[in-house]
Amino acid sequence: MACRFALQQENSSQMRKGELPLNELPHLIADATQVVLLLAASDIVLLRLTTPPLSATKLKAALPALVEDHLLCEPAECIIAAGDVSDGMRTIAVTDRPWLTRLVASLYQMGARRVAAVPFQSCLPREPGTTSATVEMHDTGKQLSLAADEHAGISLHLPSDADVQDDLRTLRTIEPNEQIALYVAADQIMHYQQAADDRMTVAEEQWAHWAAHAWQNCIDLTSALGAAVRPAIDWKHWRWPLAMAAAIALVNVAGLQIDWWSMRSEEKDLRAMMLQTFKSAYPQEVAIVDPAAQMQQKIAIARNRVGQLANDDFLALSAALGEAWAAAAQTRKLPPDVPGIASLEYRDRSLLIKWKAPSPIAIGELQTALATRNLSLSQTSDAWQLREMK
């Protein structure tokens, strides 16, 4: 069967229109960003119902029970999709599940990237106080579709031998007193205009009308199909990007391995050099675990033996603290009876100072003076900690 179609560029009003069998459209379908199906109004049931305030997931599960009384078939055989809430009610669209599943699956097999399906009656132009209608010719007859507003619409099949008077008589039977805007094919406009009454306007059907309202439609019936109809990822299109990514990853891994081996070799050479230096300086030392740390320890012991203090010794830390405190107290002209130090504790090469009362000199005033001696002063939970900067 022939399928009417229109191809519209993004952000453009120009369209390529035509009519071809569906199996002759794969090249257009594969190139399109999105395929939007305008489902015939006769294949869709639109219901206007009040729904409880539920989340999207719970509403989807509750829809079959909500529409069951309005259907002649089992809800499990139908695709049910709900629109947004308007005036406290929702528009719910219902159609045949196997039919729509096969249709959408065939489009994906033709290369469609994304498929949406919307009711055709919701795509009719809408004007306040006017019912929109269209008459389309098909191989099996005519289809009369009309919509009073965006939430409701119906469709009827008319015999192919029905004349214009029969079409308009049927239309007036459904809408006897309303203002009607009727859209028909260009070659039929004159016939319908001659038979139309004064409350009916006849215009040429426009794909621009259907497309504009299709993009704005809030009911997409394919959303109820889930991912079952979507094809698996075609990895053939990704083989070259994946191969390129694998090659880049391999080159990076190889480069990292080469750098690691180079740095490991440098580490071995440097450790051998430090070990040789340590053995030449202390030939009687047998247990050598960390040459650098043991060398620093030996140097510190040697300094202590000749009376030279290290920066992190108890005497050096306490003397530096005393000098900094005295300079700050003289600058602020503190009286001699200010609260003093409660205790000094030397632990892990650092000095912990606890006060009898809150210190009258802020810790920030001493940090600058101690930093010139390569010492850092910090606040712990209940004391000050003075240690050498690393």
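Keep in mind the model is a prediction, meaning the values are calculated, not measured. Below, each value reflects all heavy atoms present in this structure, side chains not excepted, and no hydrogens, waters or symmetry copies.
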Got [X] and [Y] here, is their nearest side-chain heavy-atom distance under 4.5 Å?
X    : Y    : answer
M244 : P241 : no
D43  : D96  : no
T130 : T201 : no
C123 : Q121 : no
V104 : L225 : yes

Taking all non-hydrogen atoms of both residues into account, name the closest pair between [X] and [Y] and its distance.
X    : Y    : answer
L54  : A62  : CD1-CB, 4.0 Å
S145 : L124 : O-CD1, 4.2 Å
A133 : L146 : CB-CB, 3.8 Å
M295 : Y282 : SD-CE1, 3.7 Å
R172 : I180 : NH1-CD1, 3.5 Å
I189 : E204 : CD1-CB, 3.4 Å

Quick check: is [Y] connected to [X] through a chain of hydrophobic side chains (ILVMFWY, heavy atoms under 4.5 Å apart)?
X    : Y    : answer
I288 : L270 : no
L20  : M110 : yes
L370 : L352 : no

Any donor-acceptor pair under 3.5 Å from [X] side chain to [Y] backbone:
X    : Y    : answer
R199 : P176 : yes
Q294 : D290 : yes
S223 : D220 : yes
E175 : Q179 : no
T222 : V115 : yes
S265 : S262 : no
T50  : M89  : no

Atom [atom1] of [X] with >12 non-hydrogen neighbours under 6.0 angstrom:
X    : atom1 : result
W260 : CH2   : yes
R113 : CZ    : yes
Q379 : CD    : yes
Q276 : CD    : no

Handout entry: Ring centres under 6.0 angstrom apart (W355, W325)
Key =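 Yes, ring centres under 6.0 Å apart.
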Problem - Listed partners of R102 passing side chain to side chain contact (heavy atoms under 4.5 Å, CB included), at least two apart - result: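 For R102, the residues satisfying side chain to side chain contact (heavy atoms under 4.5 Å, CB included) (neighbours in sequence not counted) are P98, W99.
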Handout entry: Audit row: V135, Y192, side-chain contact (heavy atoms from CB on, under 4.5 Å) steps and yes/no
Key = CA-CA 10 Å; V135 178; Y192 281 92; 3.5 Å; yes
Handout entry: Check against side-chain contact (heavy atoms from CB on, under 4.5 Å), K354 and L344
Key = CA-CA 7 Å; K354 295 185 179 180; L344 291 176; over 6 Å; no
Give, for atom [atom1] of [X] and atom [atom2] of [Y], the distance between the pair rounded to the nearest 0.5 Å.
X    : Y    : atom1 : atom2 : value
L158 : E136 : CG    : CD    : 11.5 Å
L366 : L321 : CG    : CG    : 7.0 Å
H70  : L47  : NE2   : CG    : 6.0 Å
E388 : L351 : CD    : CG    : 13.5 Å
C78  : L72  : SG    : CG    : 10.0 Å
E267 : D269 : CD    : CG    : 10.0 Å

For residues 26-39, tabulate all N or O donor-acceptor pairs below 3.5 Å that involve a side-chain atom, not counting sequence neighbours.
none

Practice task
Answer with yes or no whether the side chains of R48 and T91 bring together a donor and an acceptor at under 3.5 Å.
Solution key: yes
Exercise for the section: Could you give me the CA-CA distance, side-chain angles and deciding distance for K142 and D167, then say whether salt bridge (Lys or Arg N to Asp or Glu O under 4.0 Å) is met? Expected result: CA-CA 9 Å; K142 298 180 181 179; D167 298 342; 2.7 Å; yes
Practice task
Among V118, I80, V94, T95, find the residue that satisfies the side-chain contact (heavy atoms from CB on, under 4.5 Å) test when tested with L221.
Solution key: T95
Exercise for the section: List for me each residue that meets side-chain hydrogen bond (donor to acceptor under 3.5 Å, both in side chains) alongside Q385, sequence neighbours excluded, and say none if there are none. Expected result: S350
Handout entry: Residue pair L317, Y346: steps toward the side-chain contact (heavy atoms from CB on, under 4.5 Å) verdict
Key = CA-CA 9 Å; L317 293 176; Y346 183 72; 3.9 Å; yes
Problem - SB check E266 R271 (cutoff 4.0 Å) - result: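 R271 and E266: not salt-bridged.
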Practice task
Starting from the C-alpha separation in whole Å, work towards a yes-or-no answer on side-chain contact (heavy atoms from CB on, under 4.5 Å) for L375 and L386.
Solution key: CA-CA 7 Å; L375 299 175; L386 182 63; 4.0 Å; yes
